[in-house]
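Here the structure is a predicted model, which means the values were calculated and not measured. Heavy atoms only: backbone and side chains are in, while hydrogens, waters and symmetry mates are out.
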Amino acid sequence: MTHHLSLRTALLLTLPPLLWAGNAVVGRLMVGQVPPITFNLLRWLLGFALLLPLASWVLKADSPLWQHWRRMALLGLLGMGSYNALQYMALKTSTPLNVTLVGSSMPIFMLGLGRLFYGAAIRRQQWWGVGFSTLGVLTVLTRGDVAQLSSLRLVPGDILMLLATATWAWYSWLLIKPPANQPDPVALRTDWAAWMLAQVIPGMMWSALFSGVEWAVVPDLQVHWGWPLLSALAYVAIGPSVVAYYCWGRGVSQAGPQVAGFFVNLTPLFAALLSAAVLGEMPKPYHALAFALIVGGIVISSRR
């Protein structure tokens with residue numbers, strides 16, 4: 001498959017990081033208001049309600065969704081059921097800026113998965129880009145103190161976000177790599193709402209399962225209903241969910257997951273600006289160093 005990064009594609013891949021940065025800030029604001037996995041479930045229930053009028057035919061008995069249910073179930077598990085739940089859990093013990101900076105390890109996972117499982121070649125510049133991105137992530141994990149590498153203690157949110165990032169990288173590769181013996185049905189892939197709804201349906205089921213486990217295992221959970229939670233749900237269901245997933249899917253199909261992965265590194269910049277404006281969490285010097293390393297990785301990797 002030939003990929004090309006046009007200005008339009010670049011814009012498609014830039015909007016999701018902005019919306020996802022807002023998602024991290026909102027997720028941080030909702031800590032204590034709603035359990036993280038339940039928040040993810042409510043997000044996708046609302047997303048389902050928004051998409052259903054646009055592509056209700058996906059639920060019909062003759063829909064290609066049922067013939068490809070295994071693939072849709074996997075996409076729904078990785079993209080809807082797992083990634084966002086892990087991110088919301090990470091935000092309980094980490095800040096939006098830290099979470100998004102750790103998420104900037106995305107190119108590492110994109111290139112690694114592509115090489116191991118899809119035979120995608122890695123150019124020398126991309127290796128250098130991975131190196132700079134790795135240094136940026138390590139800067140965040142050590143809080144800017146290199147001496148801590150010998151006794152590194154990761155907070156739970158850091159580990160959860162690394163797992164979430166690996167999950168999203170796998171999801172992004174699967175978007176453009178259907179099984180060779182069973183290509184994606186044209187009726188779904190040519191209708192963005194239908195394609196997304198086909199993933200949201202199983203993703204919503206996974207989220208419901210995980211939320212059930214959350215309520216069964218964690219004691220004294222509560223949901224504080226009110227305008228703050230309703231407003232947060234409206235934002236995360238429309239922006240980071242429907243709009244961002246649409247743009248990301250289109251952008252990945254046009255630019256390829258290896259190039260798209262580096263656009264995720266814009267998220268910390270947006271998160272830093274939004275965190276300062278909304279949460280009053282000002283960036284620290286090590287955040288600036290980490291971001292400089294990450295940007296350096298983008299510049300180097302994009303060279304031909």
Side-chain angles (χ1 to χ4, degrees), residues 15-54 76 79-100 102-103 155-157 160-161 164 168 193 196-197 199-247 267-268 270-283:
L15 185 58
L18 174 59
L19 295 170
W20 290 332
N23 182 48
V25 172
V26 170
R28 179 71 169 181
L29 287 170
M30 288 300 102
V31 171
Q33 299 296 311
V34 58
I37 301 178
T38 301
F39 186 46
N40 189 52
L41 171 61
L42 294 173
R43 164 187 180 167
W44 289 115
L45 284 172
L46 185 53
F48 172 78
L50 293 171
L51 289 167
L52 188 60
L54 302 176
M80 287 77 179
S82 299
Y83 174 76
N84 291 285
L86 288 167
Q87 184 186 52
Y88 292 142
M89 291 170 65
L91 286 164
K92 292 187 68 175
T93 55
S94 192
T95 66
L97 184 52
N98 262 37
V99 162
T100 53
V102 172
V155 301
L160 288 170
M161 195 58 206
W168 185 259
M196 188 170 176
L197 184 61
Q199 300 174 58
V200 168
I201 291 170
M204 189 172 52
M205 294 177 180
W206 285 115
S207 298
L209 174 62
F210 297 153
S211 181
V213 173
E214 179 182 46
W215 282 86
V217 173
V218 182
D220 302 323
L221 292 181
Q222 293 183 354
V223 177
H224 299 279
W225 292 103
W227 285 114
L229 176 56
L230 294 175
S231 300
L233 284 172
Y235 172 76
V236 299
I238 297 171
S241 298
V242 176
V243 176
Y245 274 69
Y246 164 74
C247 293
T267 309
F270 296 135
L273 298 174
L274 293 174
S275 293
V278 178
L279 302 177
E281 295 177 347
M282 301 304 294

Inset, instruction - Working to the nearest 0.5 Å, report the span between CE of M30 and CG of L229. - result: 6.0 Å
Legend entry - Pairwise distance CG(L46) to CG(L51) - rounded to 0.5 angstrom: 9.5 Å
Inset, instruction - Give a yes or no answer on whether the side chain of R28 reaches the backbone of P96 with a donor-acceptor pair at less than 3.5 Å. - result: no
Between [X] and [Y], which heavy-atom pair has the shortest distance, and what is it?
X    : Y    : value
V218 : L221 : CG1-CD2, 3.4 Å
L15  : C247 : CD2-SG, 3.8 Å
K92  : P36  : CD-CG, 3.8 Å
G157 : S94  : CA-CB, 4.3 Å
W225 : L233 : CZ3-CD1, 4.3 Å
A208 : L41  : N-CD1, 3.7 Å

Inset, instruction - Kindly determine whether V223 and F39 satisfy side-chain contact (heavy atoms from CB on, under 4.5 Å), including the steps that lead there. - result: CA-CA 9 Å; V223 177; F39 186 46; over 6 Å; no
Legend entry - side-chain hydrogen bond (donor to acceptor under 3.5 Å, both in side chains): pairs with one or both residues in residues 33-52, sequence neighbours excluded: T38-S211, T38-E214, T38-W215, N40-W44, N40-S207, R43-N84, R43-Y88, R43-S241
When you compare the side chain of [Y] with that of [X], does any pair of heavy atoms fall below 4.5 Å?
X    : Y    : result
V34  : H224 : no
M161 : Q87  : yes
Y245 : P240 : no

Inset, instruction - Assess the pair W206 and Y83: is the distance between their ring centroids shorter than 6.0 Å? - result: no
Inset, instruction - Applying side chain to side chain contact (heavy atoms under 4.5 Å, CB included), name anything that partners Y246, two or more places apart in sequence or on another chain. - result: W192, R250
Inset, instruction - Assess whether side-chain contact (heavy atoms from CB on, under 4.5 Å) is satisfied between W168 and S82, documenting all intermediate values. - result: CA-CA 9 Å; W168 185 259; S82 299; over 6 Å; no
